[in-house]
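Working notes, structure below.
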Amino acid sequence: MGERQARSMYYVDGSTVRKIQHAPQQERTPQRRPSEKTAPRTVTKKQLTKKADKALAFNSNYTVFVVTSVIIMVIACVAMLYMESRIEAQKSNINSLEASLEAIENDNSAYKITLDNMYTLDQVYDIATNELGMVYARKGQIVYYESADEDYVKQYQDVPEAD
């Protein structure tokens with residue numbers, strides 16, 4: 001008790017600090033409940049070792065669960081890596097196809113420019129009139145028709161003569 005009194009203990013109540021006062025200690029006798037066993041239980045070293053071994057022993061259900069979980073994780077990782085490699089292969093294939101498409105479009109535009117510049121309108125007129133014997137249409141040879149569809153006209157009979 002002297003050791004306790006030598007230490008001064010304080011506690012804070014609001015904004016004031018007070019000294020703790022200990023109640024005098026009384027001899028307490030343990031009261032036993034009627035349901036408690038009177039004989040103390042003694043545990044031997046052999047029982048403790050057996051209990052520890054049992055706690056450390058592998059449970060077969062737990063082992064099967066862990067092994068199954070590990071197998072599932074390994075399969076999932078392999079599947080993920082396989083899919084990533086497939087995606088990378090597809091990306092490289094797309095890149096090569098895009099490069100090929102760009103080269104073909106460049107060739108196509110170059111051929112178009114070549115074709116556009118191959119003949120001028122004067123050359124077309126010269127070939128049409130001199131080599132093919134074509135002539136301009138005379139007045140009255142051109143007949144205009146009204147059509148609901150402006151893209152083309154189907155001719156089912158001969159064109160009537162102009163009046």
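Note that the numbering runs from 1 along the sequence shown for the chain.
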### Summary
Interatomic distance, OG1@Thr49 vs CD@Gln47, rounded to 0.5 Å, equals 10.0 Å
### Query
If you group Ile, Leu, Val, Met, Phe, Trp and Tyr by side-chain heavy-atom gaps below 4.5 Å, do Leu97 and Leu101 land in one group?
no
### Message
Other residues, nucleotides and ligands only: do more than 12 of their heavy atoms fall within 6.0 Å of CE on Met73?
### Response
no
### Message
Would a single hydrophobic cluster contain both Ile75 and Val67, if residues Ile, Leu, Val, Met, Phe, Trp and Tyr are joined by side-chain heavy-atom contacts under 4.5 Å?
### Response
yes
#### Entry: Spacing of NZ belonging to Lys112 relative to CD belonging to Glu105, to within rounding of 0.5 Å
13.0 Å
### Summary
For Met118 and Gln123 the tightest heavy-atom approach is O-OE1, 3.5 Å
### Task
With sequence neighbours left out, write down each residue that passes ring-ring contact (aromatic ring centres under 6.0 Å, His included) with Phe65, or none if nothing qualifies.
none
### Task
Would you name the heavy atoms of Ser96 and Asn93 that are closest together and state the gap between them?
OG-O, 2.8 Å
### Summary
Between the CE atom in Met83 and the CD atom in Glu88, the distance rounded to the nearest 0.5 Å is 13.5 Å
### Message
Is there a continuous path of hydrophobic side-chain contacts, each under 4.5 Å between heavy atoms, that joins Val124 to Ile127?
### Response
yes
#### Entry: Exceeds 12 heavy-atom contacts within 6.0 angstrom, atom CG of Leu121
no
### Message
For Ile113, is there any backbone N or O sitting under 3.5 Å from a side-chain donor or acceptor partner on Asn117?
### Response
yes
### Task
Look at the side-chain heavy atoms of Ile, Leu, Val, Met, Phe, Trp and Tyr, link any pair under 4.5 Å apart, and say whether Val74 and Val66 land in one connected group.
yes
### Message
Test your reading of the model: is there a side-chain donor-acceptor pair from Gln141 to the backbone of Arg138, 3.5 Å cut-off?
### Response
yes
### Task
Look at the side chain of Thr129 and the backbone N and O of Tyr125, then say whether any donor-acceptor pair between them is shorter than 3.5 Å.
yes
### Query
Of Val64, Ile71, Val70, which is the lone residue that meets side chain to side chain contact (heavy atoms under 4.5 Å, CB included) with Thr68?
Val64
### Task
Look up atom CG in Leu132 and atom CG in Asp126, then write down how far apart they are to the nearest 0.5 Å.
10.5 Å
### Task
Could you tell me the separation between the CD atom of Glu84 and the CD1 atom of Ile87, rounded to the nearest 0.5 Å?
7.0 Å
